[in-house]
A.B. asks: 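Dropping the structure in here first, questions after.
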Amino acid sequence: MTDTLFLTSDDVAELAPPVAYVEAVREGYRQRGDGAPAEPRQTFLRSEPSGMLTNYAALLPDTGAMGGYMYAAGFGAGDAWFMTPLFDAQSGEPLALLDGASMNPFKTGAAGAVGVDALAREDATTLAVIGSGAQARGQIRATATVREFTDVRVYSPTRENREAFASEFDEELEASVDAVDSSTAAVSGADVVITATTASEPVVESDDLESGTHVTAMGQYHPKKRELDVATIERATYVPDLRKRATADAGSFLAALEAGVVTEDHVHAELGEVIAGEAAGRTSRDELTVFDSGGTGIETTAAAYMLYERALEEGLGTEISFAPASEALTGR
């Protein structure tokens, strides 16, 4: 038997600040750029009752951990549950099992922030956020650790939601945070744009994006859904989290492929390749860059191991036992 640490969402909810997530996730993507294995998500759908079962994983050899996410959403309860198993990359033994719900916006936000840090202009000061939900919160908190923003504009369709979001972050951030009445008003003149929505059609148009802008799109990962229009993909230096994702579930990129304005060679590099120095990031002030972040086991495993180490230091969690196959897999 081996002892494995079980961590509830409450255990990890305030265990690490956004900057710690960003540092862990950046290192995870650096390892991916040096060849660490990671695959896009697998999604299994059911119609009656309607639901989705998803999983993805990564192995980070330098971190010494491997694992990922398995989550169910919808079905009869109409809710979602996130489980994160974490294994030792040397021994293979299970290190931890995390209830991954509370960490989700923070590890996903960290991936977005790593993309901003790698691709946005160093002097970026104006941020546009399209969306005002949990994922938008995670993105803005993490991204604020990699650039010194002075002005933040937020738009989402419901006035009450965007105004509450702006009020919350106007108090939390040093920047001035304002709710605006349209995506165009948010995006125009912005140095960095983050889309964190559930929209199925573009929420940002190329005509509204000035040269030199960086866009992180993270709200959709479905071949028929997209947050960015075809012209934005055509203009951009396009960087996905995983190259295989671009032709699997990156709806914005697939729409541009189907329109014939790009080929698969339009993928500039994976984010990890940029972080590891295997590919260039931004090369000019006038370049439009896009980081297409659909979610991978890289940020999940990196963040989970960081939280595991902190939990050990704090004495958090409950030990549970797993039997090795050599003892339990007997068929008797």
Side-chain angles (χ1 to χ4, degrees), residues 18-19 21-23 25-34 108-130 139-140 142-153 175 186-196 204-219 227-243 245-246 250 252-253 256 261-294 296 298-299:
V19 67
Y21 281 90
V22 173
E23 291 171 355
V25 170
R26 181 185 289 111
E27 170 57 17
Y29 273 97
R30 195 276 305 165
Q31 292 175 54
R32 169 61 185 173
D34 285 338
T108 306
V114 171
V116 169
D117 203 25
L119 298 169
R121 297 196 318 269
E122 291 288 343
D123 61 354
T125 58
T126 303
L127 171 64
V129 180
I130 310 300
Q139 292 291 325
I140 193 173
T143 302
T145 72
V146 300
R147 289 294 185 274
E148 294 183 5
F149 294 109
T150 58
D151 295 290
V152 178
R153 300 190 291 262
V187 168
S188 297
D191 302 315
V192 174
V193 175
I194 295 171
T195 61
V204 169
E205 301 290 338
S206 174
D207 288 345
D208 294 331
L209 295 169
E210 297 186 6
S211 297
T213 302
H214 168 74
V215 181
T216 287
M218 59 74 53
E227 293 183 304
L228 308 181
D229 66 353
V230 164
T232 296
I233 300 300
E234 182 181 14
R235 286 175 59 194
T237 298
Y238 177 81
V239 176
D241 42 20
L242 291 174
R243 191 178 295 268
R245 262 205 64 249
S252 296
F253 187 78
V261 301
V262 301
T263 67
E264 290 186 26
D265 290 339
H266 189 67
V267 176
H268 171 68
E270 287 188 2
L271 178 62
E273 293 170 329
V274 175
I275 301 301
E278 298 296 322
R282 173 176 292 274
T283 58
S284 74
R285 285 189 59 81
D286 294 334
E287 193 174 359
L288 176 67
T289 56
V290 166
F291 172 47
D292 194 332
S293 174
T296 76
I298 301 166
E299 57 262 31

A.B. asks: Test of understanding: with side chain to side chain contact (heavy atoms under 4.5 Å, CB included), list the residues that count as partners of Asp123, not counting sequence neighbours.
C.D. replies: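 Listed in chain order: Arg121, Arg285.
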A.B. asks: When you compare the side chain of Met218 with that of Thr108, does any pair of heavy atoms fall below 4.5 Å?
C.D. replies: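 The answer is yes; the side chains approach within 4.5 Å.
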A.B. asks: Please test Arg245 against Phe253 for side chain to side chain contact (heavy atoms under 4.5 Å, CB included), starting from the C-alpha separation and ending with a verdict.
C.D. replies: CA-CA 10 Å; Arg245 262 205 64 249; Phe253 187 78; over 6 Å; no
A.B. asks: Measure the CZ-CG distance between Arg32 and Leu242 for me, rounded to the nearest 0.5 Å.
C.D. replies: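 The CZ atom of Arg32 sits 5.0 Å away from the CG atom of Leu242.
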A.B. asks: Would you confirm whether Arg235, through its side chain, and Ser206, through its main-chain N or O, come within 3.5 Å as a donor-acceptor pair?
C.D. replies: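 Yes, because the side chain of Arg235 sits within donor-acceptor range (under 3.5 Å) of the backbone of Ser206.
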A.B. asks: Mind checking what makes ring-ring contact (aromatic ring centres under 6.0 Å, His included) contact with Tyr21, not counting sequence neighbours?
C.D. replies: Phe106
A.B. asks: Distance from His268 atom NE2 to Glu287 atom CD, nearest 0.5 Å?
C.D. replies: 7.0 Å
A.B. asks: How many angstroms lie between CZ in Phe149 and OG1 in Thr143, if you round to the nearest 0.5 Å?
C.D. replies: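 Phe149 atom CZ to Thr143 atom OG1 measures 6.0 Å (nearest 0.5 Å).
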A.B. asks: Who passes side chain to side chain contact (heavy atoms under 4.5 Å, CB included) against Glu278, sequence neighbours left out?
C.D. replies: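 Per chain and number, Glu278 pairs via side chain to side chain contact (heavy atoms under 4.5 Å, CB included) with Asp34, Glu273, Ala276.
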A.B. asks: Does this structure show an ion pair linking Glu27 with Arg30, if we count only N-O contacts that are shorter than 4.0 Å?
C.D. replies: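 Yes, this pair counts.
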A.B. asks: Under 4.5 Å between any side-chain heavy atoms of Thr126 and Arg153, yes or no?
C.D. replies: yes
A.B. asks: Val267 and Pro240: which non-hydrogen atoms are nearest, and at how many Å?
C.D. replies: CG1-CD, 3.6 Å
A.B. asks: For the side-chain contact (heavy atoms from CB on, under 4.5 Å) test, which of Val152, Thr150, Val192, Asp151 pairs with Thr125?
C.D. replies: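 Of the listed residues Val152, Thr150, Val192, Asp151, the side-chain contact (heavy atoms from CB on, under 4.5 Å) partner of Thr125 is Thr150.
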A.B. asks: Could you go through Leu209 and Val215, starting from their C-alpha distance and side-chain angles, then the distance that decides it, and tell me whether this counts as side chain to side chain contact (heavy atoms under 4.5 Å, CB included)?
C.D. replies: CA-CA 9 Å; Leu209 295 169; Val215 181; 4.0 Å; yes
A.B. asks: Looking only at atom types and distance, does a side-chain atom of Glu270 sit under 3.5 Å from a main-chain N or O of Arg243, one as donor and one as acceptor?
C.D. replies: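 Yes.
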A.B. asks: If you look at every heavy atom in Ala250 and Asp292, which pair is closest and at what distance?
C.D. replies: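 Looks like CB-OD2, 3.5 Å.
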A.B. asks: With side chain to side chain contact (heavy atoms under 4.5 Å, CB included) as the criterion, how do Leu127 and Ile194 come out once you've worked through the C-alpha distance, each side chain's angles and the decisive distance to 0.1 Å?
C.D. replies: CA-CA 8 Å; Leu127 171 64; Ile194 295 171; 3.8 Å; yes
A.B. asks: Write down the atom of Asp286, the atom of Ser211, and the distance for their closest heavy-atom approach.
C.D. replies: O-CB, 3.4 Å
A.B. asks: Closest approach of Ala113 and Val146, non-hydrogen atoms and distance?
C.D. replies: O-CG2, 3.7 Å
A.B. asks: Are Asp241 and Tyr29 close enough, and set up right, to give a side chain to side chain contact (heavy atoms under 4.5 Å, CB included), and what steps lead you there?
C.D. replies: CA-CA 9 Å; Asp241 42 20; Tyr29 273 97; 3.4 Å; yes
A.B. asks: What pairs with Glu205 under side chain to side chain contact (heavy atoms under 4.5 Å, CB included), at least two apart in sequence or on another chain?
C.D. replies: Pro202, Asp208, Asp229
A.B. asks: What pair of heavy atoms forms the shortest contact from Ile130 to Val187, and how long is it?
C.D. replies: CD1-CG2, 4.2 Å
A.B. asks: Please identify each residue that fulfils ring-ring contact (aromatic ring centres under 6.0 Å, His included) with Phe291, with sequence neighbours left out.
C.D. replies: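 Phe291 satisfies ring-ring contact (aromatic ring centres under 6.0 Å, His included) with no other residue.
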A.B. asks: Hey, does the side chain of Arg26 reach the backbone of Asp117 with a donor-acceptor pair shorter than 3.5 angstrom?
C.D. replies: no
A.B. asks: For Ala217, check side chain to side chain contact (heavy atoms under 4.5 Å, CB included) against everything at least two apart and list the hits.
C.D. replies: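 With neighbours one apart ignored, the set is Thr195, Glu227, Leu228.
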